[in-house]
Every structure is written in structure tokens, then in C-alpha cells.
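Letters A, B, ... mirror the listed sequences (proteins, then strands); counts begin at 1.
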Protein chains: 2
Amino acid sequence: MGRKDPAFAAGTDTVAQRRTDRVTISDVAALAGVSTAAVSKIVNGKGSFPQATRDRVQRAVVQLNWAPSAAAVALRGARTRAIGMVAGRTPDVLNSDPHFALLIAGIESELAPRDHGLLLHIVGEQPDAAERAYRRLATERRVDGVILTESRVGDPRFALLRGLRLPAVLVGTPWQSDPVPTVRAAEQDQGMADAVEHLVGLGHRRIGYVSGPEDRVHTGRRRAVFTEALARHGLSPSHLLASDFAGQTTGSLVEKVLATADRPSALVLANDMMALAALAAAQRTGRQVPRDLSLIGHDDLPVGHLLHPRLTTVRQDLAGLGRAAALSVLQQLGEEPAGPLPEVTPPQLVVRESTGPAPG
Amino acid sequence: MGRKDPAFAAGTDTVAQRRTDRVTISDVAALAGVSTAAVSKIVNGKGSFPQATRDRVQRAVVQLNWAPSAAAVALRGARTRAIGMVAGRTPDVLNSDPHFALLIAGIESELAPRDHGLLLHIVGEQPDAAERAYRRLATERRVDGVILTESRVGDPRFALLRGLRLPAVLVGTPWQSDPVPTVRAAEQDQGMADAVEHLVGLGHRRIGYVSGPEDRVHTGRRRAVFTEALARHGLSPSHLLASDFAGQTTGSLVEKVLATADRPSALVLANDMMALAALAAAQRTGRQVPRDLSLIGHDDLPVGHLLHPRLTTVRQDLAGLGRAAALSVLQQLGEEPAGPLPEVTPPQLVVRESTGPAPG
DNA sequence: TGTGAGCAGGAAAACGTTTAACTGTCCAGC
DNA sequence: GCTGGACAGTTAAACGTTTTCCTGCTCACA
């Protein structure tokens with residue numbers, strides 16, 4: 001067994017300490033009676049070796065429980081086998097919007113089987129914090145590529161990452177025509193358009209939209225789609241509100257709007273948590289959903305169909321987006337054969353119980 | 001500028017390619033006119049150098065936008081500056097339980113300012129998947145330490161990590177007396193006990209408990225606390241149900257219980273999402289909360305006070321736990337001065353609107 | 001004039017892999 | 001008998017840092 005262990009020239013008990021220390025490829029090589037090069041090639045399936053040698057090496061690997069040091073592999077020029085993601089949100093907003101969790105789950109479901117890690121950085125809202133994070137990720141060569149979400153108006157990250165030569169993929173709609181690879185669903189506006197059709201078909205005429213933060217690219221886009229869809233029926237939005245993603249703000253905003261005389265009979269909201277807040281606000285002010293007010297959310301988070309009434313919403317295939325994004329970076333890295341990415345299900349209106357005929 | 005660049009012996013345009021490649025410490029050294037050793041010492045604040053030299057080096061660093069390669073630093077024996085976390089849950093359960101997001105946010109809030117990364121792995125529920133993930137993290141030396149959550153009955157991870165010599169900290173209650181460092185709140189059972197007191201005080205006598213999966217350590221513990229608190233009033237649980245963490249299961253379980261003749265008048269649930277599902281189930285079967293049924297959740301997730309009625313719950317300081325956990329690993333690594341960890345607020349009953357007097 | 005301290009900084013090894021280039025042996029074919 | 005090729009590996013360089021000794025040099029002081 002341990003008979004073949006190399007006895008390096010070293011201080012007497014340094015060796016002892018060494019032995020209990022991490023096991024390296026040389027230990028494996030010594031135990032298998034071959035060179036480190038042979039071990040490396042065999043575990044990486046590179047050269048051609050007789051079965052007997054391969055077995056000896058494999059046994060040694062298992063016996064010593066060896067795995068190549070990620071640092072050494074990375075240094076040697078191979079890959080880090082890690083993908084980065086920087087979330088530019090404050091912790092509590094992040095928390096109240098499970099959107100991220102779903103996306104990350106999708107990403108990991110592709111990364112994990114390929115033995116890649118996800119290096120997550122949650123930085124505050126300040127734009128330079130995110131930039132610093134990316135810069136560090138790149139110059140320290142901590143990751144092979146990054147996944148971006150929530151592109152913003154005038155987003156500086158694309159240029160930054162190009163400059164840093166860090167492969168990247170954006171989940172969502174890029175700002176202008178940024179040449180960064182992008183994953184998104186086909187017909188991505190259809191869901192929102194359908195939502196408007198649905199409401200108009202139910203007789204609603206006073207329909208408002210509560211958007212997320214203005215600096216997100218999708219905020220403007222979705223609102224535009226909303227407005228255009230209304231325009232096709234000769235209508236215009238009764239209210240255009242901008243909230244942040246936190247439920248509290250949305251709640252009081254909605255309460256205020258509902259208190260006015262020209263209140264909407266239906267509200268479309270930028271995500272499901274905002275819709276949940278709106279629902280609560282309506283109930284709190286003595287209104288019933290959908291009798292007095294119809295609500296449509298966005299994303300189709302699991303919470304939506306636990307509610308009473310169940311939430312009508314525009315389903316987004318967040319996990320699918322995450323999966324596609326992960327595969328896209330891996331393709332750029334040559335870790336995954338090129339080819340079409342898996343389909344991302346287009347946004348789709350899911351009619352449940354929070355929408356109904358217009359009152360009166 | 002580039003005049004001092006070393007001209008390595010190499011093919012003609014290989015050099016050109018090299019130049020556009022990543023910048024290394026030698027480039028900085030050449031530009032500043034010193035050795036790489038000097039650069040290293042100066043940026044790490046080690047030796048003593050005259051201010052002029054320090055300035056030259058700093059300028060060169062900035063000019064070339066250099067940062068030490070994480071791989072090289074790690075290989076040299078310093079730290080990876082990354083902490084690992086393995087979530088042994090399926091993606092959709094992870095998603096429907098925002099508990100994780102909050103914890104992660106807390107962890108990152110301490111890690112980020114110290115330039116540490118969080119390497120996240122989401123593996124399925126199979127126990128060996130998690131074990132493999134830890135093993136890889138350790139043998140590949142990808143992280144300096146790990147944070148564990150959700151200790152399970154007979155949890156093999158502690159022994160595993162000790163064997164791997166990977167510093168670890170557990171968030172929550174260890175199984176038996178595992179000698180792994182642990183962060184948890186003081187008086188961690190008080191919240192649950194108060195919940196029972198609260199219900200009994202409102203006149204409830206038929207009180208049930210809906211727990212999470214049996215293999216979690218806290219499942220048994222909380223249920224025991226629940227049962228004991230009832231016993232102090234000469235009562236015993238009217239129902240003890242075990243659900244998973246998914247809302248669906250809980251919903252149908254609660255519907256079923258409410259349909260029986262000996263139904264409880266109050267229900268305590270293992271987390272807020274389960275309470276939300278229970279609320280919906282009650283409403284769906286025509287019952288009003290809290291008139292016909294009182295509900296108490298656990299964790300105090302933001303969603304709880306967006307609901308109608310607002311959820312009475314046992315608040316847990318998840319972000320605080322995350323922060324303390326992060327600091328605890330950093331202390332073990334010597335990255336953070338030893339000292340008391342920040343206080344984690346003890347679990348605390350937050351009475352809101354989902355609990356009321358017992359009916360009839 | 002010699003000596004030692006203190007300063008400013010350099011040379012080189014080490015960390016653990018991967019890989020290009022090479023070596024030695026054996027055998028087939030001419 | 002010699003060449004060429006396949007086989008079964010080995011040697012050594014390279015990746016980019018950090019760190020442990022070093023080496024000159026200057027200057028004060030005996």
C-alpha cells in the first residue's frame with residue numbers, strides 16, 4: 001500500500017506533516033508507480049495507455065481520494081470551472097423577489113452536472129459596486145464567464161466585460177443593440193399583449209400599469225407593449241405608476257390610487273410580489289378581487305397559485321432562461337458543443353382567479 | 001511605457017499575442033522598474049519601501065489595471081477567498097422557500113466587503129449528491145470553508161468535513177452534540193413556546209402542528225417544544241402533520257384536516273409559505289381566518305405582512321444568522337479578528353392578524 | 001580604516017497541474 | 001540488417017504569485 005510513498009528530502013517531522021496534508025498528483029503517481037504526466041493524461045483521458053496502467057492509476061486516485069487542485073488547474077491555463085453572477089440589488093429586495101432564486105436554480109441545474117460552480121456576488125444598488133465586482137472577477141480570473149441579468153438603460157457592463165475579455169451572456173433584453181450574447185424567449189411581448197387583450201375582453205376600460213424601477217430596460221419595454229396593446233383598442237392607460245420591487249411601496253401606491261375617484265378597474269403589475277401587495281392593498285381598503293379590481297402579475301412565481309384568489313399572471317420561464325444562459329456561457333467557453341440552446345417557453349398569460357369582468 | 005517589457009525568446013507574433021493577453025505581476029514590475037518581489041510586497045504591505053517606490057508601483061498597478069491572479073495566489077498557499085455553500089434541495093422547493101435567499105443575503109453582506117466570494121451549489125435532495133459536492137469543494141480546494149444549513153438527523157456532513165479538514169459552520173441546531181461550530185439565536189425555543197401561549201391564551205384547545213420534513217433536526221425539536229408547551233396547559237396536540245416544504249402538499253393536507261369533524265381551531269406551521277398555503281386552503285373551503293381558524297407561520301418572510309390577513313408568525317433573524325455564520329468561518333480562517341459574533345435576535349412571536357379568539 | 005546596522009530591493013524556490021517534446025523498446029516489413 | 005512506426009510512457013517547462021534568504025550600499029562610529 002503505502003510502501004511506494006516517496007520519501008522527499010525534508011526535515012524529519014515536516015514530512016510527517018506533509019503526509020497528512022493535502023494529497024497531490026505526485027502521491028498518486030508514486031502509488032501507481034508512474035509519472036505525474038501519466039496520471040494527468042489518464043484522468044483526463046488524453047494519451048493512450050494500456051488498461052492495466054489505467055486501472056492502477058484509477059485505483060490510486062480512489063485510494064488517496066485525490067482530485068486535481070482547482071488552483072493549479074486554473075493557473076496552468078485551463079479553466080476555473082466557475083461562472084460568476086453579480087446581483088446588483090440590496091439584500092432585502094433580493095429576498096422579496098424570488099425571481100432570482102428561480103433563475104439561479106435554472107443556472108445551477110446545468111452547471112452542477114458539468115462540475116461547474118456558481119460564484120455569486122450580491123452587491124448593493126450603487127452602480128460602481130457592481131462594476132468593481134465584475135472587474136475583480138475578471139482581473140483576478142476567478143471565473144470563466146459571467147451571467148448578467150436586468151440590463152439597465154445605458155448599462156456600462158457590456159463594454160466593461162468586453163474590455164475585460166470575459167465571456168458573458170445576458171438574460172433578457174439588451175439595451176440598444178449591445179453585441180453581448182443574449183438569451184430570451186421568442187415572442188417575448190406576447191404575454192403582456194395577451195394580458196391587455198384579456199382585460200379589454202372582460203370589459204375593462206380603465207387599466208393601469210405599475211412598473212418596476214425606471215432604469216431597467218424591460219420596464220420601458222413592457223410598458224410600451226402595454227400602452228400599444230391598449231392603443232389597438234383606442235384606449236390609453238388610466239395610470240402609469242412606477243414602484244420599486246419592494247412590496248411595501250407598491251402596497252401604499254395602490255392604496256392611494258384606489259382612493260381616487262378615477263381609479264382603475266384593472267391593474268397590471270411588473271411582478272407577482274407586487275401583485276400580491278396590490279391584492280392585499282385592495283382587500284385592506286375593503287375591495288374585493290376580482291369583483292372590484294382585476295389584477296395581473298408577472299413571472300408566475302409559485303406563490304401566485306397559493307393565494308386566494310389565485311393570481312392571473314404572465315408566466316415567464318425563468319428556470320428555462322437560467323438553463324439557456326448557463327449553456328450559452330458554456331458554449332462560449334467550448335465546454336459544451338455548439339448548437340441551438342434549449343427552447344425557452346415564451347411568456348404566456350395564465351388566467352386564474354384574480355381577473356374578472358369589469359364592474360358596473 | 002512598454003519600453004521596459006521583457007522580450008522573452010519566443011516566436012515573432014506569439015509575443016504580440018502575449019501582450020494583449022492578461023497582464024501579470026511582471027508587467028507591473030517592468031513598468032515600475034522593480035522586481036516582481038517588490039511589487040508583491042508593496043501591494044500586500046509587507047516590506048518597507050520608500051514612498052517614491054511605493055508610488056511608482058501603485059501607479060503601474062493602476063495603469064495596467066492589474067490584480068493578482070486568484071489561481072496563482074491560491075496555489076501559492078494563500079487563501080481562495082471563497083466560501084462554499086451547498087443547498088441540498090430541488091430547485092423548485094428552493095424557490096418556494098425564500099428562507100435561503102435571506103440567509104444568503106446575510107452571508108454575502110459580510111463576505112462582500114471583505115472581498116470574499118460565495119460559491120453556491122444547488123444539488124438535488126439525494127444525500128450523496130450533497131456529499132459529493134462537499135468532497136469536490138474540499139479536495140479541489142475551491143473554497144476556504146463552508147457554511148452548512150439544515151442539519152439533518154444523522155447528518156454525515158460534519159464527520160465528512162472534519163475528515164476533509166474544511167472549516168465549517170452550521171446554521172441552526174446540530175444533531176446530537178456534533179462538535180462543529182454553530183451559530184444560532186439565544187433562547188431559540190422561546191418563539192415557538194410563545195406561539196403556543198398566545199393560542200392558548202386566545203382560548204384555543206384544539207391546536208395542530210404542521211411540520212416540515214422529518215429528517216431535519218429542527219423539525220423534531222420544534223415539534224417537541226410545541227408539544228411541551230401545550231402539555232404545560234394540560235393539552236396535547238390535536239393534529240401532528242408532516243408535510244414537505246412545498247406549498248401544494250401543505251395546502252391539500254390542510255384541506256383534508258379541515259374537512260374532518262375533529263378539526264383544529266388553530267394551526268402552527270413550520271414556515272410562512274406553508275402558512276400561506278394553509279391560509280389559501282382555509283379560504284378555499286369557505287373558512288375565514290382568523291374567525292374559523294387561527295394560523296401561525298414561521299420565519300417572518302416579507303410576504304407575511306403583505307397578506308390579508310397579515311400573518312402572525314415566529315420571526316427568525318435569518319439575515320443575522322447568515323451574517324454570524326459568515327463571520328464565524330472568517331474567524332476560523334483568521335481573516336477576521338476573533339471575538340464575539342454579532343447578536344442574532346432570538347426567535348420572537350409577531351402577532352398580526354391571522355390569529356384570533358377560538359370559535360364558539 | 002574597519003565594522004556593524006539599516007536600508008532598498010533582488011534571486012530563486014515553491015505551490016500542483018498540464019502538455020509539448022522527447023526517449024527507449026519492440027516488432028513488422030523490406 | 002535496417003528502417004519506420006507504434007507503444008508506453010518520461011522530462012521539463014510553464015502558469016503567476018509569495019516568501020525566504022540574500023546582496024549591495026550607505027553611513028555612523030570606534
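Between Gln51(B) atom CD and dG9(C) atom P there is a gap of 12 Å when expressed in whole angstrom units. Distance Arg142(A) CZ to dG16(D) P: 17 Å, rounded to the nearest Å. For Arg56(B) and dG9(C), the CZ to C1' distance is 11 Å, given to the nearest whole Å. As a whole-Å value, the separation of Arg54(A) CZ from dC7(D) P is 12 Å. Here dC15(D) presents its C1' atom at 14 Å from CG of Asp27(B), a figure rounded to the nearest Å. If you measure from atom CG of Asp55(B) to atom P of dG9(C), you get 12 Å, rounded to the nearest angstrom. The distance from atom CD1 of Ile25(A) to atom P of dT10(D) is 12 Å, rounded to the nearest whole Å.
Looking at heavy-atom distances under 4.0 Å, Ser48(A) makes no contact with the nucleic acid at all. Across all strands shown, Ala52(B) has no heavy atoms under 4.0 Å from either base or sugar-phosphate atoms. Counting non-hydrogen atoms under 4.0 angstrom, Ala29(B) reaches nothing in the nucleic acid.
In terms of phosphate contacts, Ser26(A) brings no side-chain nitrogen or oxygen within less than 4.0 Å of OP1 or OP2 of dG16(C).
A heavy-atom distance below 4.0 Å to DNA chain D is reached by these residues of residues 37-46 of chain A, ordered by number: Ala37(A), Ala38(A), Lys41(A).
In this structure, the side chain of Arg79(B) engages the main chain of Leu333(B) through a donor-acceptor pair within 3.5 Å.
Taking every side-chain heavy atom of Ser35(B) into account, dG10(C) is the closest of dT17(D), dT17(C), dG10(C). Nearest to the side chain of Val34(B), among dA8(C), dG9(D), dG10(C), sits dG10(C). Comparing dG9(D), dG16(D), dG9(C) against the side chain of Ala72(B) picks out dG16(D) as the nearest. Proximity note for Leu75(A) (side chain, C-beta onward) versus dC15(C), dT17(C), dC15(D): the nearest is dC15(D).
Scored by the side chain to side chain donor-acceptor pair (under 3.5 Å) test, Asp55(B) finds Gln51(B) as partners (sequence neighbours excluded). Scored by the side chain to side chain donor-acceptor pair (under 3.5 Å) test, Ser69(B) finds no partners at all (sequence neighbours excluded). Applying the salt bridge (charged side-chain N to carboxylate O under 4.0 Å, His left out) rule to Arg152(A) yields the partners Glu125(A), Asp215(A); only residues at least two apart in sequence or on another chain are considered.
Toward the 5' end of DNA chain C, the nearer of the two residues Gly77(B) and Thr36(B), judged by each one's closest nucleotide, is Thr36(B). Nearest-nucleotide positions on DNA chain D for Trp66(B) and Thr53(A) put Thr53(A) closer to the 5' end.
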Using a 3.5 Å cut-off and no angle test, enumerate the donor-acceptor pairs between side-chain atoms of residues 33-45 of chain B and protein atoms at least two apart in sequence or in another chain.
{"from": "Ser35(B)", "atom 1": "OG", "to": "Ala37(B)", "atom 2": "N", "distance (Å)": "3.4"}
{"from": "Ser35(B)", "atom 1": "OG", "to": "Ala38(B)", "atom 2": "N", "distance (Å)": "3.2"}
{"from": "Asn44(B)", "atom 1": "ND2", "to": "Ser40(B)", "atom 2": "O", "distance (Å)": "3.0"}

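Residues Asn65(B) and Thr139(A) form a side-chain contact, since some pair of their non-hydrogen atoms from C-beta on lies under 4.5 Å apart.
The side-chain hydrogen bond (donor to acceptor under 3.5 Å, both in side chains) pairs that include a residue from residues 111-124 of chain A are Glu110(A)-Arg114(A), Arg114(A)-Glu336(A), Asp115(A)-Arg136(B), where partners are two or more places apart or lie in different chains.
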